There are 2 protein chains.
Amino acid sequence: MAGERKIIRVTSFDVAEAAGVSQSTVSRALAGDTSISEPTRQRVMEAARRLNYQVDENAARLRRGRTGTLAVVMICREAQDRKDINPFYFSLLGSTCAAASAKGYETLVSFQDAPENFWGHFQERRKADGMIVIGTTTNTKAWDYFRDMPEGTHWTCWGSPDNDMPWVRSDNLSGATLATRHLLVRGYRQIVCIGSATSPQRQFQERYEGYAEAMRSAGLEPVLQQVESGLAREEQGRRAAIALAESGTPFDAIFAVCDDMALGALKELTARGYSIPDKVGIIGFDGIRAGAWSTPPLTSIEPDFQMAGTLLVEQLLAKINGTEGSGRRVPVRLVIRGSTRA
Amino acid sequence: MAGERKIIRVTSFDVAEAAGVSQSTVSRALAGDTSISEPTRQRVMEAARRLNYQVDENAARLRRGRTGTLAVVMICREAQDRKDINPFYFSLLGSTCAAASAKGYETLVSFQDAPENFWGHFQERRKADGMIVIGTTTNTKAWDYFRDMPEGTHWTCWGSPDNDMPWVRSDNLSGATLATRHLLVRGYRQIVCIGSATSPQRQFQERYEGYAEAMRSAGLEPVLQQVESGLAREEQGRRAAIALAESGTPFDAIFAVCDDMALGALKELTARGYSIPDKVGIIGFDGIRAGAWSTPPLTSIEPDFQMAGTLLVEQLLAKINGTEGSGRRVPVRLVIRGSTRA
DNA sequence: TTGTACGCGTTATCAA
DNA sequence: TTGATAACGCGTACAA
């Protein structure tokens with residue numbers, strides 16, 4: 001440890017010489033090969049430590065043919081400021097990296113937003129053993145690009161618009177049911193869903209369906225307040241709230257298919273004098289951080305983020321190793337805050 | 001394009017054979033070497049495209065000695081849920097990756113939180129040409145680890161407690177001055193700073209100093225409401241607000257050294273019946289997303305995130321290439337929302 | 001302008 | 001249990 005603190009190129013040959021063994025013995029000793037005797041291994045380890053030796057990963061990978069790396073592609077909206085990326089995706093990124101790390105893999109992260117920088121040939125270049133694509137459903141060009149990856153590409157994704165890609169998703173059906181039942185239990189009856197049944201967002205569709213199903217099995221008629229497309233989510237929520245208020249449709253609760261929409265609606269309704277949660281209850285979906293700061297704080301359905309990363313990684317490793325994955329639905333839970341009455 | 005869509009291992013020799021040239025010609029043609037004649041280059045490119053050839057990065061790097069990769073280490077608080085990471089850091093991560101990409105570098109991202117997984121020997125292992133460390137100041141063990149990297153390690157960082165590391169930071173002094181002047185201009189006089197002058201958070205110190213300076217040059221006495229250490233930021237802010245309210249110290253405005261503290265204080269004061277922004281004005285620092293959702297929305301000082309990533313990368317590349325960097329202070333701007341009166 | 005030949009630092013195979 | 005030796009696939013002097 002003392003002395004040799006500078007970065008100098010030191011190879012396994014140097015270690016071999018210092019330990020008085022052959023280079024291949026060094027390789028085996030450090031790789032934990034059981035055929036190496038304990039005394040020899042000790043000598044090698046000691047020499048390696050003294051020389052501050054570290055394996056050159058490029059050489060190792062060249063030889064092995066595997067990289068021990070998973071590529072993570074974050075799809076953003078085109079021309080979107082990184083600051084405006086839904087923090088939900090960042091949490092997912094974090095938990096994905098953590099899950100990969102737990103499985104002994106590193107993560108090569110790239111942010112991609114436009115056709116000129118779409119790129120997914122990590123396996124061909126031997127930069128990674130597989131790829132996880134995380135992104136907003138709205139960047140359809142990106143999904144078109146990744147849908148067409150060559151056969152043999154190992155990958156999983158979060159946010160894909162279609163079921164023909166190797167998706168992992170929240171348990172949207174259960175979540176929406178959970179949300180709707182929560183509103184019913186709290187005494188709300190005229191529950192409107194803010195969202196879209198025809199959105200390319202598969203997730204939103206599923207959430208609407210879960211809501212509709214729960215309504216019907218309570219003997220109530222589902223009502224959908226459609227959002228306008230092409231706007232920011234908060235704005236969609238705000239406008240939907242305006243439309244709803246001005247339509248004359250009676251309502252005493254709102255289930256929004258995502259938290260950003262819920263927050264937009266909450267703000268608008270508050271401004272219009274609806275008292276929340278007494279007159280109108282609101283529940284969202286996603287469990288974003290900003291929900292804790294609204295007035296009142298937003299009740300929401302929160303996916304298990306950590307599980308999301310874990311499932312993405314496990315699904316991917318299953319493909320790489322040709323084994324079976326463990327599931328693609330991420331469990332959700334109800335987080336009760338102040339926007340639904342006690 | 002047709003046919004060869006499956007991932008098969010194809011080397012430069014295969015391309016060479018297909019194009020009727022030597023392997024080295026392929027290498028040169030694809031690398032853009034000017035000595036190759038245009039017709040030959042065309043033939044090679046065509047063959048490469050047809051075979052779906054991609055360079056094996058491991059072999060290329062082994063040969064070259066450089067990786068074209070920058071490592072990004074995200075330091076988290078120990079045992080912290082990834083979901084609770086300040087979104088500010090994620091924005092920084094995103095802009096850092098983007099900036100690296102703009103300079104032709106890839107990013108190898110890892111999340112590290114505890115001594116058993118601290119690791120920064122990317123250069124020794126030839127996994128990256130340098131390293132960017134981003135993290136909360138509070139994980140002192142992590143900073144102790146990275147402070148001691150071997151000589152020759154190329155790195156820059158955001159969030160370091162000390163000046164002896166290669167830091168990049170917000171222009172805290174200007175920001176705090178900007179915030180304080182804004183409060184003064186809006187007619188507030190009894191301005192209290194919530195924060196700490198002795199915190200290991202260098203950033204917080206600088207912000208307090210900027211505030212104090214601005215107060216003095218307005219002929220006013222700075223007042224510091226010290227936060228308790230070891231708590232979550234919002235809770236620190238909340239408790240500081242309680243202490244302030246109960247101390248009897250007269251105040252009509254608060255400058256909090258970070259948005260989370262500001263939000264905690266805002267919530268507490270609102271609960272106690274202080275009307276914001278009329279009776280008390282509040283301004284924070286960081287420009288976090290949740291600030292837009294509080295009631296009233298939080299006025300804040302927002303660093304230029306994109307610039308932050310750019311400076312981190314530029315400083316690092318300067319070290320790698322032995323050139324001069326372009327600066328280490330990230331400019332900030334005032335974002336006026338509803339928590340300060342018009 | 002192009003081809004030949006070598007080496008980057010490992011891991012894996014085969015003998016001993 | 002260990003050592004010699006052969007790849008892995010590319011980039012690059014040097015020669016032609």
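Fair warning: this is a prediction, and the values are worked out from it, not measured in the lab. Chain naming here is simple, since letters A, B, ... match the order of the sequence lines and numbering starts at 1 in each. Atoms considered below: every heavy atom in the structure, side chains included; atoms not considered: hydrogens, waters and symmetry mates.
Listed by chain and residue number, A:S24, A:T25 satisfy the side-chain hydrogen bond (donor to acceptor under 3.5 Å, both in side chains) test with A:S22 (two or more places apart in sequence, or in another chain). Taking B:Y145 as the reference, B:F118 meet the ring pair (Phe, Tyr, Trp, His ring centres under 6.0 Å) condition, with sequence neighbours excluded. With sequence neighbours excluded, the residues forming a side-chain hydrogen bond (donor to acceptor under 3.5 Å, both in side chains) with A:T138 are A:T136, listed by chain and number.
The number of heavy atoms from other shown groups lying within 6.0 Å of CD (A:E17) does not exceed 12. At most 12 heavy atoms of other shown residues, nucleotides or ligands fall within 6.0 angstrom of atom CZ in B:R66. For A:Q54, the CD atom counts as densely surrounded, since its 6.0 Å shell holds more than 12 non-hydrogen atoms of other residues, nucleotides or ligands.
Overall bending of the helix from C:dT1-D:dA16 to C:dA16-D:dT1, expressed as the angle between end axes built from five pairs apiece, is 30° (10° steps).
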B:D164 vs B:R147, side-chain contact (heavy atoms from CB on, under 4.5 Å): CA-CA, chis, key distance, verdict: CA-CA 8 Å; B:D164 60 350; B:R147 191 203 317 275; 3.2 Å; yes
Footprint string (nucleotides 8-16 of chain D, 5' to 3'): B base within contact, S backbone only, - free, heavy atoms under 4.0 Å: BBBBBB---
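Across all strands, B:S22 comes closer than 4.0 Å to base atoms (heavy-atom distances).
Cation-pi geometry between B:R328 and B:W167 is met: under 6.0 angstrom from the ring centre, within 45 degrees of the axis.
A:N117 places a side-chain N or O within donor-acceptor distance of the main-chain N or O of A:D113, the cut-off being under 3.5 Å. The backbone N or O of B:R126 lies less than 3.5 Å from a partner atom in the side chain of A:N58, making a donor-acceptor pair.
The footprint of chain B on DNA chain C, defined by a heavy-atom cutoff below 4.0 Å, extends from C:dT1 to C:dG9.
Rounded to an integer number of Å, the gap from CG of A:D33 to P of D:dT2 is 10 Å.
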